[in-house]
Structures are given as C-alpha cells and as structure tokens.
Amino acid sequence: MAKDAQFVKDIADIETNFPQWYTDVVLKTQMVDYGPVKGTMVIRPYGYAVWENIQRELDKRFKATGHENAYFPMFIPYSYLVKEADHVEGFAPEVALVTHVGDMELPEKLVVRPTSETIICEMYSKWVQSYRDLPVLINQWANVVRWEKTTRPFLRTSEFLWQEGHTLHRTEEEARAETMRMLDIYDEFCRNVLAIPMMKGRKSEKEKFAGAKETYSIEAMMHDGKSLQCGTSHYFGTNFTEAFDITYLDSDGVRKHPYQTSWGVSTRLIGALIMVHGDQRGLCLPPYVAPVQAVIIPVAMHKEGVLEKAKELYESVSNAGIRVKLDDTENSPGWKFNEYEMKGVPLRIEIGPRDIEKGEVVYSRRDKLGEKFTLPISEVAERIPAILADINRNMYEKALNHLKTHTIKVSNMEEIRAAVDNGDFAEGMWCGCRECEDKLKQEMQVTTRNMPFDQTPVGDKCAICGKPAKKRIIFGRAY
RNA sequence: CGGGGUGUAGCGCAGUUGGUAGCGCACGUGGUUUGGGACCAUGGGGUCGUGAGUUCGAGUCUCGUCACCCCGACCA
C-alpha cells in the first residue's frame, strides 16, 4: 500500500474518506466538471462517452420490446402539474419555474420538467381514442430539472439526463406486466453491461413515486455499503389517465381509462458504476460501457519498429470492433500505466522491443491489478472479446460477493443500527406502517430500500416495533 | 435551510508582526530519455472570490457578500 501511495497521492483514501474519493475521481478522470450554476454539472467527453454507451445498450433493449422514441417539450404549463394531487405535492418544492420572457411576465408560468408524466398524459389524451390505439409504448431521452438542496455530480444534480418510458395499456394485467418487464430489463442491463448486481423489489408507500400506485426499484450497494436507487418502474393504474381524462372506446362499446406505467434510469447510473467498481487507483470501468476498452502502450517507442508494430496492432484490434486507443504521446510508459488505471480502462496492452522479438504482447487487466499476462501478437484481436467478457464477469462476481457478504439478517433496532454502521444492508421484517419508517429515518438515517420479490419470511415480528410483521424488506442508508 | 470548512496562476498549495506575490505540478521551446507517474536548460502565465472599511501601505486586519466542498433535513 505504501507503494501505491506515491501513485494515488491526489485521490483521497477510499476506505476512510469515500465522499472525497468520489469527488476526486470524477474530477481527475475528467468524467465531469462543475457547471457555473449551483448544482449543475458538465459531463465531459470521457463521462459522456459512458452515457452514450449506456444509451445505446438500453435503447437496443427498449426497441426490442416494442418501444419507440419520441421527444416532448421541456416547458410544461403549470396547470398540468397541478392535475394529479400527489404528483404536484411531490414535485412542486423542487420545480424550476419560468415566469418571464425578457421584461414581459408570462400569462401562465411554465414548469421546467422534473419528469414528463403530465405533458405526456395531456398529449396521450388527444392521441388515444380506441382500444386499437393501445398499447402506447413511448420512450424519451431527455434532460430534467429538479432543484435539489444537496447535489453531487451524477448522483444528484439540478439538471440530469435520463430516459423515461411512458406506456398506456388496455388492461391492468398488461400494464403490470410492462412494469415488471422494464424492471427486469434494467436488472439484466445492469448485470450484463454494468457488471452491477441489483436488488429488485417494491418500494414502500413512503418511498414510492408521487402519483404512482406502486413503485419498483433496482438498488445497488456502493463500496461504502450505502444504497443507490438506480432505476425505477412505476405502475400507475389509472391515477393519471383519470386526472388527465385519457379515455378510449373499448371493443365492448364502453369508454374506459387505460392503465399506465412509467420507468426511468438516469446519468446516476454512471455514479453507481464509479462507486461500485472503483478502487484506490480510481475508476474501474465495466468493459461494455468503457469509452476505451483497451489501450495500447508502446514501450521504447522510438526504437526499431516499435511504433509501426503498435500501429499494426491498433489496426487489427480496431478492426475487430474493439474501442481501442494507441497512446503514442511522449509521456513515459509508467505515467501512462497510472493514467489509464486511474481512468479505469479495462485492458492495457504493452508492446516493446522485447515483446516484438518474442512475437507477443504483455497485457494487464484493470480488475486484476498487479498481474501481467502475455499473448501472441497474432492472437490479440481475436482474444480480446473473451477477455473483456471475463473482466465483466469477474467485476460482477466481486460486486455480488460484496453485496452478499454485506447483507445481514436483522430482527431488531439494535441489529439494524449495527448493520448499517458497519456498511451493511439490513434485511428483516416490517409491519408495514409509516410510523416505523419515520422512526428509523429519524433515529438512524436509515430508510427502507425495497421489498424483494422473494417474500419468504425471515422472522415474524417487525424489526422496528415488534408487532406482527407483514413484509420482508431491506433497510439501509442511501445516497 | 442548519453545522463545519475552503476561496491566492489551469490544478494542488505556501505566504511570518500589514511592507516588491511565491512553490510544486501542468503548459511553451531546445535537447537527452522511455518495461510502473524520466531529466537538464529555458520561457510564459496573477484584478489574491467579491464589495466596503481601517492604514502612508491590505493576500494578511474589520464588517458585509458570493461561490464551492463536507456533514444533516428533502430527493433519481
């Protein structure tokens, strides 16, 4: 560790000062910078490339399940927001309002969307007339604005990027199935693309989305044992379709309200993958979203034909569809090693005179620091996909192991406190009442994360009040 | 919105009792280097967050103000 210290001197200690570690890492790796307005962030190219990869992978999955993309305006008449009572109550405190244009006061103030249910419902009410118009399966990639009090890059910013799916269905069953389908897609995506294991489950009444009948979430455990809600899928029933008077004439000649869902993930996912996989050296990016999947570092590059060989290698790897970078800058190899480890590049390939002589390369994996491997030069391009897959698998296993070993069964308040203080999730039983959640929050800053679908009881009494328990649930501290 | 902290070169910081604004990294140029953050030489870069005040003189003292970070309450 003493040896490490000289290379990572500018990154705070991950174990004792995790928040500062996070800030150091996102800034130093040029993922993000602060914007001039409080709470805003600039997503720099290295961070935005991760988002583009996330978008591409998710979008593919949305399309494969029949969804189409559209775009709705970011300005919403204030009157729309007010239509659904719970919704306005939940969002009003944090919405940004546009009241003026130049010196002229607008006749109706405008909401800068904090989410788009209201404007989308307003439009859907025009578009849906018949059962033949259902289902409506629309997704939008957009920015939203929520004026949060405390902000952190990617985790909570005044403006952030996300996708929001908004669907209408003829039946409750179909809408419920959609809610679960999208939750499952998020879960699968996080596992296979971000290498993050998620806890799927249902949110409590207290924690659910403002206006939803039911909210489901995927929650991930960060390095410090805190939880991050990484995605949500809501079942609305007819809450909004009634409020916005969306009706269709069904085949039986009866006018009905369609059933609705919405679901979303945001740039917060970038924060999640940083805080799940990162280590003292900095980022450790999952290979399928890493902007650079493999970096080639020529050693003694001005000698013999080193650079030429490196360029040949670059071409073959690039042609194999790998996002590869050849760093032929004048920085020393040691500098480059540290730089790309900090930036989380999954695979590093070294090629120098000794390697060329032997017809091989030395490579090193970001998920297995300190180990070096060799490959015949001729096989590099074809072998990389399997190596990246193994990196993803190994990163997932590590994260899963962390989650499992830090999820502790609890049966009373003391055990909950002990667990979360130790950086664990506390899994136990809950009576289902709001008062217990409030008490937990007040006394130890702990919230209910979600209720797993496996509701096999792990006890019969509420861990908070001791009364008969109704639900198996995860307690934890959250971002 | 409470509690704590920080604002001085692009970044990280020093600046003593109030007396010519500095160091490291980064950056430009020339050269030597290159298998875990190379080295020599040389050069450029500042409204000390901001506004008042005290003073012959303020980075330094006083008051205000703004921004950011950390910890809480609110949230994807």
Side-chain angles (χ1 to χ4, degrees), chain A residues 3-12 17-24 27-28 30 33-40 90-95 114-115 144-164 186 203 206-210 215 217-220 227-234 262-272 281 297-303 306-307 327-342 348-356 361-362 364 369-370 372 374 438 441-442 444-445 447 477-479:
Chain A
K3 192 185 170 199
D4 284 358
Q6 81 182 90
F7 302 120
V8 296
K9 55 184 180 292
D10 296 330
I11 300 178
N17 197 358
F18 192 62
Q20 190 61 50
W21 172 89
Y22 179 80
T23 305
D24 289 347
L27 293 176
K28 278 185 68 74
Q30 302 185 347
D33 204 349
Y34 294 107
V37 174
K38 176 180 159 52
T40 61
F91 281 104
E94 60 192 46
V95 294
T115 178
V144 286
V145 170
R146 300 180 186 179
W147 222 259
E148 305 284 0
K149 297 204 168 74
T150 302
T151 56
R152 308 189 68 193
F154 295 123
L155 303 180
R156 185 172 300 105
T157 46
S158 303
E159 178 191 8
F160 58 93
L161 305 183
W162 77 347
Q163 60 70 216
E164 46 182 329
Y186 288 153
K203 286 294 211 181
K206 177 180 162 78
E207 298 288 333
K208 78 175 185 186
F209 178 82
T215 290
S217 72
I218 48 171
E219 307 268 338
S227 183
L228 186 69
Q229 181 174 312
C230 291
T232 48
S233 189
H234 313 292
S262 84
W263 27 274
V265 297
S266 70
T267 36
R268 176 180 270 190
L269 283 174
I270 299 172
R281 293 295 186 94
I297 298 178
V299 177
M301 67 182 178
H302 297 302
K303 286 187 182 151
V306 172
L307 204 48
D327 187 344
D328 57 0
T329 64
E330 294 292 330
N331 290 314
S332 73
W335 186 92
K336 292 173 187 175
F337 294 166
N338 284 284
E339 179 70 9
Y340 293 109
E341 280 169 9
M342 183 181 76
R348 179 183 74 231
I349 299 165
E350 304 168 26
I351 183 165
R354 300 208 296 259
D355 308 301
I356 293 168
V361 298
V362 171
S364 158
L369 277 183
K372 292 203 179 189
T374 57
D438 289 342
K441 179 75 189 229
Q442 201 168 13
M444 51 181 88
Q445 298 89 45
T447 53
R477 295 215 172 99
Y479 277 94

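Chain letters run A, B, ... following the sequence lines, proteins first and then strands; every chain starts at 1.
Below the 3.5 angstrom threshold, one finds a donor paired with an acceptor across the side chain of A:Asp355 and the base of B:G35.
A:Glu350 comes within 4.0 angstrom of a base, heavy atoms only. Contact annotation for A:Thr447: no contact, since no heavy-atom pair falls under 4.0 Å across all strands. Using a 4.0 Å heavy-atom criterion, one finds that A:Lys203 contacts no nucleic acid atom at all. A:Val362 comes within 4.0 angstrom of a base, heavy atoms only. Residue A:Leu155 is in base contact, counting any heavy-atom pair closer than 4.0 Å across all strands shown.
The partner of B:C39, taking Watson-Crick or G-U wobble pairs whose two distances both stay under 3.5 Å, is B:G31. Under the Watson-Crick and G-U wobble criteria, each requiring two contacts below 3.5 Å, nucleotide B:G2 is paired to B:C71. In this structure, B:A52 forms a base pair with B:U62, meeting either the Watson-Crick or the G-U wobble geometry with both donor-acceptor distances under 3.5 Å. Under the Watson-Crick or G-U wobble criterion, with both distances below 3.5 Å, B:G22 is paired with B:C13.
Under the 4.5 Å side-chain criterion, counting only non-hydrogen atoms from C-beta, A:Val306 is in contact with A:Pro353.
Annotation: of the two residues near RNA chain B, A:Glu341 and A:Thr267, the 5′-most nearest-nucleotide partner is A:Glu341. Closest-nucleotide positions on RNA chain B for A:Met342 and A:Pro298 were compared, and the one nearer the 5' end corresponds to A:Pro298.
Per the geometry, CD belonging to A:Glu339 stands 12 Å off P belonging to B:A26, to the nearest Å.
Aromatic ring orientation, A:Phe160 versus A:Trp162: perpendicular (interplanar angle above 60°, classes split at 30° and 60°).
Nucleotides B:G57 and B:G19 are separated by 14 Å at their P atoms, to the nearest Å. Only the C1' atoms considered, B:C63 is 34 Å distant from B:G45, to the nearest whole Å. Of the P atoms belonging to B:A21 and B:U60, the separation is 13 Å, rounded to the nearest Å.
Atom CG of residue A:Asp33 and atom OG1 of residue A:Thr40 lie 10.0 Å apart, to the nearest 0.5 angstrom.
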Dump every N/O contact between nucleotides 70-74 of chain B and the protein below 3.5 Å, one line per pair.
unit_1	atom_1	unit_2	atom_2	d
B:C70	OP1	A:Thr23	OG1	3.3
B:C70	OP1	A:Arg152	NE	3.4
B:C70	OP1	A:Arg152	NH2	3.4
B:G72	O6	A:Thr150	OG1	3.4
B:A73	N6	A:Thr150	OG1	2.4
B:C74	OP2	A:Lys441	NZ	3.1

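Between the side chain of A:Arg146 and the main chain of A:Glu94, no donor-acceptor pair closer than 3.5 Å is present.
Listed by first then second residue, pairs satisfying salt bridge (charged side-chain N to carboxylate O under 4.0 Å, His left out) with a partner in residues 328-340 of chain A read A:Asp327-A:Lys336, not counting sequence neighbours.
In the model, A:Asp24 has a side-chain atom that pairs as donor or acceptor with a side-chain atom of A:Gln20 under 3.5 Å.
Not counting sequence neighbours, A:Phe337 has no partner by the ring pair (Phe, Tyr, Trp, His ring centres under 6.0 Å) test.
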